[in-house]
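The structure under discussion appears below in the form of structure tokens.
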Amino acid sequence: MTATDITIKTIAGGAHLAEATAQLRSTNTIRERARAMLERARRGQSAWFTVNDGALDTAAVLVAELTRARYPDLKIPYHSRWRHFEAGGVDRAGQLTQALGAASPAERARAQIDLALVSVLLDAGAGPDWRYREPGLARKPEHEYNRSEGLGVASLHSFMTGLFSSDPARPLQADAQGLQAVTAERLGHAFQVTAGNTLVGLEGRAALLRRLGQVLQEHAGVFGQPARPGHLFDLLTRDGQTSIQAHELLSVLLRGLSTIWPAQNAIDGIPLGDCWRHPAANAQGTDSPLSDGWMPFHKLSQWLTYSLLEPFEWAGIRIEGLDALTGLPEYRNGGLFLDAGVLHLKDESQARRLHQVGDELIVEWRALTVALLDELAPLVREQLGLTAAQMPLACVLEGGTWAAGRVLAQQLREGKPPLNIQSDGTVF
């Protein structure tokens, strides 16, 4: 083989690798493979689940009723981190705006993006024992929060006190140097972690923030100088752009943050993040053979995308193509389908076992969740008399499926998820 032959082969291999990576970072691929896995389960070919389609209508009624109870005027916001900042009826986003004073709309958006991105990365399951007691606000008693609300409130207070900033004169930012200085001890202190108030995955969360800081510094063309998440606003609104595609924002996040995830999922050294092996996740149509056997989700990245939409909109930027994003395959949405009887475990003892995130059963459960959320959404809209434009998937989740999953879990298991998963603090 000549040197020219080797060069051509290398270039061709690189092209196939880039194609496969792009496909596994596309929500089209997520949907196609999730839908195929659901149809496979309906044919009785799943090793783990059976599907009871008759229960889907019942689940839709439950979600619709809960949506009406939570949002009687049916003005449903996005399912985003900003909802957790509203826990207890406190306008903490307003507190941040007030603290920013006379900042320009762009600088407010940068600070909001900094906060949302860091807070989302800290939002994986807290475990059943952890609580955060918020310092009393003006003439208000102290509030105690747990789970996602607690993590949201704790991360906001940590941000407001400058935990993620390297510049004492500019505490209301998260920059590369500040994030790289976050230790489990410092984060634990800010989150009130003690021997009697343990937080699942504390070390993993701190390590994730340090990796984020390193990646920000390595990608100055995306994250600016000083490197901070908020400079995504400048990148996506350059040249006076007044609108962005939701999937464009997700794509930037997947490319820019791909190396921060601890999971060792990769193709030829290219990290894939929240993307897992499953024998039924087959390449379809024009998919690259290199992507065969991988089921992508990018749950935290999509949750992050949902949570960054509002800072852009508050700054006057229009979001288009919102429903290109998928539903979020985590234990509240997934739990809804198990607890509502849409999905049944073939072996009930699996509910008592400890599973790893990459186990075939868990990967399949998440894929079925994505596909079922797409089928559930129009049923919920029909119950409420709303169109897809009036109630995009982001609002169905908020109204919604996530809350219904939590309600059923509380009724059945004191809030615990239906499957026991060993979390590293970054996926669930």
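- Inspection of the Gln350 and Trp48 side chains reveals no N or O donor paired with an N or O acceptor under 3.5 Å.
- If you check the side chains of Thr21 and Arg255, you find no donor sitting under 3.5 Å from an acceptor.
- Distance check, rounded to the nearest 0.5 Å: OG of Ser148 to CG of Leu122 gives 11.5 Å.
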Inset, instruction - Kindly determine whether Trp365 and Leu368 satisfy side-chain contact (heavy atoms from CB on, under 4.5 Å), including the steps that lead there. - result: CA-CA 5 Å; Trp365 178 42; Leu368 298 180; 5.7 Å; no
Inset, instruction - Test Arg131 against Tyr145 for side-chain contact (heavy atoms from CB on, under 4.5 Å), laying out the working first. - result: CA-CA 6 Å; Arg131 300 289 187 277; Tyr145 303 99; over 6 Å; no
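- Looking at every heavy atom in both residues, Leu66 comes nearest to Gly400 through CD2-O, 4.2 Å.
- Side-chain contact check for Asp53 versus Arg42: some heavy-atom pair is nearer than 4.5 Å.
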Legend entry - Val363 vs Arg277, side-chain contact (heavy atoms from CB on, under 4.5 Å): CA-CA, chis, key distance, verdict: CA-CA 8 Å; Val363 175; Arg277 301 292 296 184; over 6 Å; no
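- In this structure, CZ on Arg210 lies 13.0 Å from CD1 on Ile260, to the nearest 0.5 angstrom.
- Screening residues 284-307 for ring-ring contact (aromatic ring centres under 6.0 Å, His included), with sequence neighbours left out, gives His79-Trp303, His84-Trp303.
- A donor-acceptor pair shorter than 3.5 Å can be found between the side chains of Glu398 and Tyr71.
- Listed for the Gln23 side chain is a donor-acceptor partner under 3.5 Å among the backbone atoms of Ser288.
- Of the inter-residue distances, the one linking Leu250 atom CG with Ser26 atom OG reads 9.0 Å to the nearest 0.5 angstrom.
- At distances below 3.5 Å, at least one donor-acceptor pair connects side-chain atoms of Gln390 with backbone N or O atoms of Thr387.
- Looking at heavy atoms from C-beta onward, Leu397 lies in side-chain contact with Leu373 at the 4.5 angstrom threshold.
- Around CD of Gln177, the count of heavy atoms belonging to other residues, nucleotides or ligands within 6.0 Å does not exceed 12.
- Using a 4.5 Å heavy-atom threshold, the side chains of Leu376 and Val396 count as separate.
- Distance alone, capped at 3.5 Å, is enough to place a donor-acceptor pair between the Arg381 side chain and the Met391 backbone.
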Legend entry - CA sep, side-chain torsions, deciding dist, call: Glu310, Arg83, salt bridge (Lys or Arg N to Asp or Glu O under 4.0 Å): CA-CA 11 Å; Glu310 285 158 299; Arg83 307 290 77 76; 3.0 Å; yes
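- A 6.0 Å sphere centred on CD of Glu218 holds more than 12 heavy atoms belonging to other residues, nucleotides or ligands.
- Put simply, the side chain of Gln302 never gets that close to the backbone of Leu325: no donor and acceptor are under 3.5 Å apart.
- Residues Arg108 and Thr97 form a side-chain contact, since some pair of their non-hydrogen atoms from C-beta on lies under 4.5 Å apart.
- Side-chain contact of Arg31 with Thr27: a donor-acceptor pair under 3.5 Å is absent, judged by distance alone.
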Inset, instruction - Take Glu134 and Arg92 through the salt bridge (Lys or Arg N to Asp or Glu O under 4.0 Å) test and state the conclusion after the steps. - result: CA-CA 12 Å; Glu134 185 177 25; Arg92 297 180 185 85; 2.7 Å; yes
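- Nearest approach of Ala340 to Ala55, heavy atoms of both residues: O-CB, 3.6 Å.
- Using a 4.5 Å heavy-atom threshold, the side chains of Leu249 and Gln245 count as separate.
- Shortest non-hydrogen contact noted between Arg81 and Val120 is CB-CG2, 3.9 Å.
- A donor and an acceptor atom, one from each side chain of Asn333 and Thr369, are nowhere located under 3.5 Å apart.
- Checked by atom type and distance alone, the side chain of Asn265 never pairs as donor or acceptor with a backbone atom of Leu272 at under 3.5 Å.
- The backbone N or O of Ala20 lies less than 3.5 Å from no partner atom in the side chain of Ser291, so there is not a single donor-acceptor pair.
- Remark: His247 engages no residue in a ring-ring contact (aromatic ring centres under 6.0 Å, His included) (not counting sequence neighbours).
- By the 30° and 60° cut-offs, the orientation of the rings of Trp82 relative to Phe85 is perpendicular.
- In this pair, Tyr132 and His157 present their aromatic rings tilted. The plane angle is within the 30 to 60° band.
- The distance from atom OG of Ser155 to atom CZ of Arg205, rounded to the nearest 0.5 Å, is 10.5 Å.
- Using modelled atom types and a 3.5 Å distance limit, the side chains of Gln422 and His355 yield no donor-acceptor pair.
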Inset, instruction - Given side-chain contact (heavy atoms from CB on, under 4.5 Å), test Phe49 with Leu361 step by step and report yes or no. - result: CA-CA 9 Å; Phe49 299 97; Leu361 180 148; 4.2 Å; yes
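- A 6.0 Å sphere centred on CD of Glu185 holds no more than 12 heavy atoms belonging to other residues, nucleotides or ligands.
- Under a 3.5 Å cut-off, the side chain of Trp402 and the backbone N or O of Glu330 do not form any donor-acceptor pair.
- With Ser80 contributing its side chain and Ser307 its backbone, the two residues share no donor-acceptor pair below 3.5 Å.
- Side chains of Gln217 and Gln180: a donor-acceptor N/O pair is present below 3.5 angstrom, by distance only.
- Heavy-atom minimum distance, Pro226 versus His231: O-CE1, 3.0 Å.
- Between Ile244 and Ile317, some side-chain heavy-atom pair lies under the 4.5 Å cut-off.
- A donor-acceptor distance shorter than 3.5 angstrom exists from the side chain of Arg366 to the backbone of Pro329, with no hydrogens or angles considered.
- We find the CZ-CD distance between Phe312 and Gln241 to be 10.0 Å, quoted to the nearest 0.5 Å.
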Inset, instruction - Run the numbers on Glu364 and Arg40 for salt bridge (Lys or Arg N to Asp or Glu O under 4.0 Å), then give the verdict. - result: CA-CA 11 Å; Glu364 186 165 327; Arg40 172 178 172 270; 3.6 Å; yes
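- For the residue pair Ala351 and Leu419, the shortest heavy atom distance occurs at CA-CD2, 3.9 Å.
- Side-chain contact between Asp114 and Phe159: present, with at least one pair of heavy atoms (C-beta onward) separated by less than 4.5 Å.
- The backbone N or O of Ala367 lies less than 3.5 Å from no partner atom in the side chain of Arg33, so there is not a single donor-acceptor pair.
- Atom CG of Asp123 is separated from atom CZ of Arg147 by 12.0 Å, given to the nearest 0.5 angstrom.
- Side-chain contact, Gln173 with Asp175: a donor N or O sits under 3.5 Å from an acceptor N or O.
- Taking the side chain as every heavy atom from C-beta outward, Leu393 and Asp374 approach each other to under 4.5 Å.
- Asp323 and Ala394 make their closest contact through OD1-N, 4.5 Å (heavy atoms, listed as atom of the first residue, atom of the second, distance).
- Counting only residues at least two apart or in different chains, side chain to side chain donor-acceptor pair (under 3.5 Å) contacts with residues 408-419 comprise Asp339-Arg413.
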